Asks: 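Submitted below is the structure of interest, expressed as structure tokens.
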Amino acid sequence: MSFEWPVRIYWEDTDAGGIVFYANYLRFFERARTEWLRSLGLGQQQLRELTGGMFVVTDARVRYLRPARLDDELIVTAVLEESGKASLTIRQRALLKTEHVTQSDAVPLCEGTVRIGWVDGATMRPARIPGHLLEQLSPS
């Protein structure tokens, strides 16, 4: 089951052509991943303080399908696709919200995968994700 985060498109999100600037989809994806973690009780600052580690993006692949425009309402999703000992791969989508609220009725605008790796906060070297975190992140 995927996590959903609502996003409204503001003037600052658009380019000179009046459509969402392509790099902003990565910002929307970041916010959805952050809120997904927070919904699981895993605030990123709290994780760093308690464990000394943090997640960093190591790979992002994005496919653009249709443009979003000023004042559009989007649903940005995040779902854990794969988990390893030191990284997670999250599948994400930005969907144009229609009159219906369900994902199946929304128009896909952008999709991609983001790989986040766990690093030691002091050295920024890759490390294993603490076991209790993996348990919280994995669907039951």
Side-chain angles (χ1 to χ4, degrees):
M1 188 166 165
S2 68
F3 175 81
E4 296 182 2
W5 184 250
V7 170
R8 165 88 61 188
I9 302 303
Y10 297 105
W11 188 260
E12 67 189 27
D13 299 318
T14 63
D15 63 14
I19 61 173
V20 170
F21 182 65
Y22 74 94
N24 285 337
Y25 288 98
L26 291 171
R27 290 178 44 228
F28 303 154
F29 285 179
E30 174 71 29
R31 291 177 190 172
R33 285 192 313 279
T34 297
E35 295 302 331
W36 166 63
L37 289 171
R38 191 184 315 270
S39 77
L40 297 172
L42 302 170
Q44 293 193 56
Q45 183 63 31
Q46 179 188 25
L47 280 178
R48 188 170 183 181
E49 291 170 0
L50 294 176
T51 66
M54 62 184 168
F55 288 111
V56 297
V57 173
T58 60
D59 185 66
R61 297 170 191 256
V62 182
R63 184 170 166 232
Y64 302 96
L65 306 169
R66 295 178 187 204
R69 299 178 190 282
L70 182 66
D71 289 329
D72 281 349
E73 290 182 72
L74 309 185
I75 300 168
V76 181
T77 67
V79 63
L80 181 62
E81 188 170 78
E82 184 179 327
S83 64
K85 294 178 182 176
S87 69
L88 306 172
T89 301
I90 296 109
R91 184 170 26 94
Q92 297 198 254
R93 298 176 78 200
L95 307 162
L96 180 62
K97 186 176 175 183
T98 61
E99 290 182 26
H100 307 287
V101 181
T102 64
Q103 271 190 51
S104 61
D105 295 324
V107 177
L109 304 174
C110 180
E111 59 190 16
T113 56
V114 177
R115 185 171 180 237
I116 55 176
W118 185 258
V119 296
D120 178 279
T123 65
M124 297 303 287
R125 291 184 166 232
R128 286 181 180 245
I129 301 170
H132 69 282
L133 292 182
L134 280 176
E135 288 175 20
Q136 281 183 267
L137 293 167
S138 299
S140 303

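Atom set for the values below is all heavy atoms of this structure, side chains included, hydrogens, waters and symmetry mates excluded. These figures come from a predicted structure and were not determined experimentally.
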Asks: Report yes if the side chains of Phe28 and Val20 come closer than 4.5 Å at any heavy-atom pair, otherwise no.
Replies: yes

Asks: Identify the heavy atoms of Ala94 and Phe29 that sit nearest to each other, and give their distance.
Replies: N-CE2, 3.9 Å

Asks: Is a donor on one side and an acceptor on the other found under 3.5 Å between the side chain of Thr14 and the backbone of Trp11?
Replies: yes

Asks: With a 4.5 Å cut-off on side-chain heavy-atom distances among I, L, V, M, F, W and Y, is there a chain of contacts connecting Trp36 to Met54?
Replies: no

Asks: Look at the side chain of Arg93 and the backbone N and O of Val76, then say whether any donor-acceptor pair between them is shorter than 3.5 Å.
Replies: no

Asks: What heavy-atom pair brings Ala127 and Ala86 nearest, and what distance separates the two atoms?
Replies: O-CB, 3.2 Å

Asks: Of the non-hydrogen atoms in Ala68 and Leu74, which two are nearest, and what is the gap between them?
Replies: CB-CD2, 4.1 Å

Asks: Any salt bridge between Asp59 and Arg61, counting N to O under 4.0 Å?
Replies: yes

Asks: Rounded at 0.5 Å granularity, tell me how far CZ in Arg91 sits from OG1 in Thr77.
Replies: 7.5 Å

Asks: Looking at every non-hydrogen atom in both residues, tell me the closest pair between Tyr25 and Cys110 and how far apart they are.
Replies: CD2-CB, 3.6 Å

Asks: Measure the shortest side-chain to side-chain distance between Val119 and Phe55 over non-hydrogen atoms and say whether it is less than 4.5 angstrom.
Replies: no

Asks: Under a 4.0 Å threshold between the charged nitrogen and the carboxylate oxygen, would Glu30 count as salt-bridged to Arg33?
Replies: yes

Asks: Please enumerate all residues that pass side chain to side chain contact (heavy atoms under 4.5 Å, CB included) together with Gln46, with sequence neighbours excluded.
Replies: Leu50

Asks: Examine distances only and state if a side-chain atom of Tyr64 and a backbone atom of Leu109 form a donor-acceptor pair shorter than 3.5 Å.
Replies: no

Asks: Find out if a path of hydrophobic residues (ILVMFWY) with successive side-chain heavy-atom gaps under 4.5 Å connects Ile19 to Phe21.
Replies: no

Asks: Start with the C-alpha distance between Thr34 and Arg31, add both sets of side-chain angles, then the distance that settles side chain to side chain contact (heavy atoms under 4.5 Å, CB included), and finish with yes or no.
Replies: CA-CA 5 Å; Thr34 297; Arg31 291 177 190 172; 5.6 Å; no

Asks: For a 4.5 angstrom cut-off between non-hydrogen side-chain atoms, does Val114 reach Val57?
Replies: yes

Asks: Looking only at atom types and distance, does a side-chain atom of Thr89 sit under 3.5 Å from a main-chain N or O of Glu81, one as donor and one as acceptor?
Replies: no

Asks: When you compare the side chain of Val107 with that of Arg66, does any pair of heavy atoms fall below 4.5 Å?
Replies: yes

Asks: What closest approach, in Å, do Val79 and Ser2 show between heavy atoms, and which atom pair accounts for it?
Replies: CB-CB, 3.7 Å

Asks: Rounded at 0.5 Å granularity, tell me how far OG in Ser83 sits from CG in Leu134.
Replies: 6.0 Å

Asks: Check the angle between the aromatic planes of Phe3 and Trp5 and answer parallel, tilted or perpendicular using the 30° and 60° thresholds.
Replies: parallel

Asks: Begin with the C-alpha distance, continue with both residues' side-chain angles, and end with the deciding distance and a verdict on side chain to side chain contact (heavy atoms under 4.5 Å, CB included) for Leu26 and Val62.
Replies: CA-CA 8 Å; Leu26 291 171; Val62 182; 3.5 Å; yes

Asks: Would you check if the side chain of Gln136 reaches a backbone N or O of Leu40 as a donor-acceptor pair within less than 3.5 Å?
Replies: yes

Asks: Quick one: salt bridge (charged side-chain N to carboxylate O under 4.0 Å, His left out) pairs with a partner in residues 111-128, sequence neighbours left out?
Replies: Arg63-Glu111

Asks: Return the minimal non-hydrogen interatomic distance between Glu12 and Asn24, and the atom names on each side.
Replies: O-ND2, 4.2 Å

Asks: Working note: Leu137 + Leu88, criterion side chain to side chain contact (heavy atoms under 4.5 Å, CB included); need CA distance, chi angles, decisive distance, verdict.
Replies: CA-CA 9 Å; Leu137 293 167; Leu88 306 172; 3.5 Å; yes

Asks: Assigning hydrophobic clusters by single linkage (Ile, Leu, Val, Met, Phe, Trp, Tyr; side-chain heavy-atom cutoff under 4.5 Å), is Leu95 placed with Leu65?
Replies: no

Asks: Are Arg27 and Asp13 within salt-bridge range, i.e. N to O under 4.0 Å?
Replies: yes

Asks: When you look at Thr113 and Ile90, which way does the side chain to side chain contact (heavy atoms under 4.5 Å, CB included) test go after all the steps?
Replies: CA-CA 6 Å; Thr113 56; Ile90 296 109; over 6 Å; no

